[in-house]
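This report refers to the structure that appears directly beneath it.
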Amino acid sequence: MRPEDVNSNLNIVIKQAQELNIPVPDNICGKVRINPRPKSRFGCCKKENEKFQIEISQFILQCREEKIREVLAHEVLHTCKNCYNHGNIWKEYAEKMNKAYGYNIKRVSSFKDMDITLNKEEIKYVIKCYDCGREYPRHRYTAMMKKISLYRCACGGKLKVLKKKS
């Protein structure tokens, strides 16, 4: 998708949420910021100068339009009152959007969920779940990985960090 098409998709997602009576505020910046740096985060929502700024990672522009809309919808839901985290209200709104529009909005999506093929040479670390075996590829060693025992997989399982062999 072209970066300029992302903004029109943001408007579509906002209208979809409003049609479901999801209380989307009117202070969302209409221009989505495309960030070339993140390698593992698909999107984020920040409040800047009393406006919500939605940002998506440049690498997801290769995804199908539906997948990009899912990321945008995920971030739009964070703009709603008491939804800056992934609590019960956010989950309720995500489920409404999923049922009405066939999305698969969830707290965390994987590269596989997004139909993204990773360049295996760039992956240096893998966070792996002891319980379900899910793997989270990483390009760099992060602060989270230093304290991996404080984090859990989406299934609730314990995580471990594996270094890929060069």
Side-chain angles (χ1 to χ4, degrees), residues 1 6 9-10 13 16-17 20 22 24 32-47 52 54-166:
M1 177 179 291
V6 175
N9 276 283
L10 173 64
V13 167
Q16 288 175 334
L20 297 173
I22 294 174
V24 177
V32 177
R33 189 178 292 156
I34 310 294
N35 190 336
R37 289 183 44 224
K39 302 292 186 209
S40 58
R41 180 182 74 199
F42 302 140
C44 73
C45 177
K46 302 173 184 176
K47 195 162 190 183
F52 288 101
I54 294 178
E55 176 179 293
I56 63 169
S57 299
Q58 184 176 11
F59 71 91
I60 72 160
L61 295 177
Q62 66 182 302
C63 296
R64 295 188 333 263
E65 186 175 53
E66 173 193 338
K67 295 297 182 182
I68 294 170
R69 282 188 187 173
E70 283 178 8
V71 172
L72 292 170
H74 177 119
E75 302 309 333
V76 164
L77 295 179
H78 282 308
T79 67
C80 300
K81 186 176 179 183
N82 298 320
C83 290
Y84 207 65
N85 58 18
H86 298 108
N88 290 335
I89 298 170
W90 183 91
K91 289 177 187 173
E92 176 187 324
Y93 294 157
E95 190 57 32
K96 274 186 175 182
M97 296 284 286
N98 290 342
K99 284 182 181 173
Y101 303 110
Y103 292 144
N104 186 22
I105 304 166
K106 51 189 178 178
R107 193 178 67 79
V108 178
S109 293
S110 68
F111 287 90
K112 184 178 179 183
D113 294 336
M114 297 293 289
D115 299 326
I116 296 174
T117 305
L118 292 173
N119 181 350
K120 301 288 184 192
E121 290 77 43
E122 291 182 10
I123 299 169
K124 295 178 184 160
Y125 302 93
V126 175
I127 299 171
K128 187 168 183 172
C129 177
Y130 281 105
D131 294 351
C132 71
R134 183 172 179 182
E135 294 185 350
Y136 303 86
R138 296 291 183 261
H139 296 83
R140 59 186 174 87
Y141 195 80
T142 63
M144 174 227 182
M145 294 160 73
K146 293 175 187 173
K147 299 177 181 178
I148 198 69
S149 63
L150 300 176
Y151 297 88
R152 295 284 181 261
C153 176
C155 77
K158 291 184 179 183
L159 300 169
K160 60 183 170 183
V161 178
L162 307 172
K163 184 171 179 161
K164 297 290 268 190
K165 295 178 181 160
S166 303

Mind checking the [atom1]-[atom2] spacing from [X] to [Y]? Nearest 0.5 Å is all I need.
X    : Y    : atom1 : atom2 : value
L159 : M145 : CG    : CE    : 10.5 Å
C155 : K158 : SG    : NZ    : 12.5 Å
M114 : I60  : CE    : CD1   : 4.5 Å
R64  : D115 : CZ    : CG    : 5.0 Å
K163 : K124 : NZ    : NZ    : 9.0 Å
L77  : K91  : CG    : NZ    : 13.5 Å

Subject >> R41 vs E55, salt bridge (Lys or Arg N to Asp or Glu O under 4.0 Å): CA-CA, chis, key distance, verdict >> reply: CA-CA 10 Å; R41 180 182 74 199; E55 176 179 293; 2.8 Å; yes
Using side-chain heavy atoms (C-beta onward) and a distance below 4.5 Å, is [X] in contact with [Y]?
X   : Y   : value
M1  : N9  : yes
I56 : I34 : yes
H86 : H74 : yes
V13 : M97 : yes
F59 : F42 : yes

**OP:** Could you tell me which residues satisfy side-chain contact (heavy atoms from CB on, under 4.5 Å) with I89, sequence neighbours excluded, listed by chain and number?
**Re:**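 Here the qualifying residues are N82, C83, Y93.
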**OP:** Could you name each residue pair satisfying side-chain hydrogen bond (donor to acceptor under 3.5 Å, both in side chains) that touches residues 140-152, not counting sequence neighbours?
**Re:**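 Every candidate side-chain hydrogen bond (donor to acceptor under 3.5 Å, both in side chains) pair involving residues 140-152 fails, so no pair, neighbours aside, qualifies.
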Subject >> Shortest non-hydrogen contact from C129 toward G157 >> reply: SG-CA, 3.9 Å
Original post:
If every non-hydrogen atom of P36 is compared with every non-hydrogen atom of Q58, which pair is closest and at what distance?
Top reply: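 Closest pair (atom of P36, atom of Q58, distance): CB-OE1, 2.9 Å.
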Subject >> Parallel, tilted or perpendicular: ring planes of F52 versus Y84, cut at 30 and 60 degrees >> reply: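 Tilted.
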Original post:
Are there more than 12 heavy atoms of other residues, nucleotides or ligands under 6.0 Å from atom CG of N88?
Top reply: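 Atom CG in N88 is not crowded, with 12 or fewer foreign heavy atoms closer than 6.0 Å.
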**OP:** Kindly check if the number of other-residue, nucleotide or ligand heavy atoms within 6.0 Å of NZ (K160) is above 12?
**Re:** yes
Indicate every side-chain donor-acceptor pair of residues 102-109 with a distance under 3.5 Å to a residue at least two apart or in another chain.
{"unit_1": "Y103", "atom_1": "OH", "unit_2": "Q16", "atom_2": "OE1", "d": "2.5"}
{"unit_1": "Y103", "atom_1": "OH", "unit_2": "Q16", "atom_2": "NE2", "d": "3.4"}
{"unit_1": "K106", "atom_1": "NZ", "unit_2": "D113", "atom_2": "OD2", "d": "2.9"}

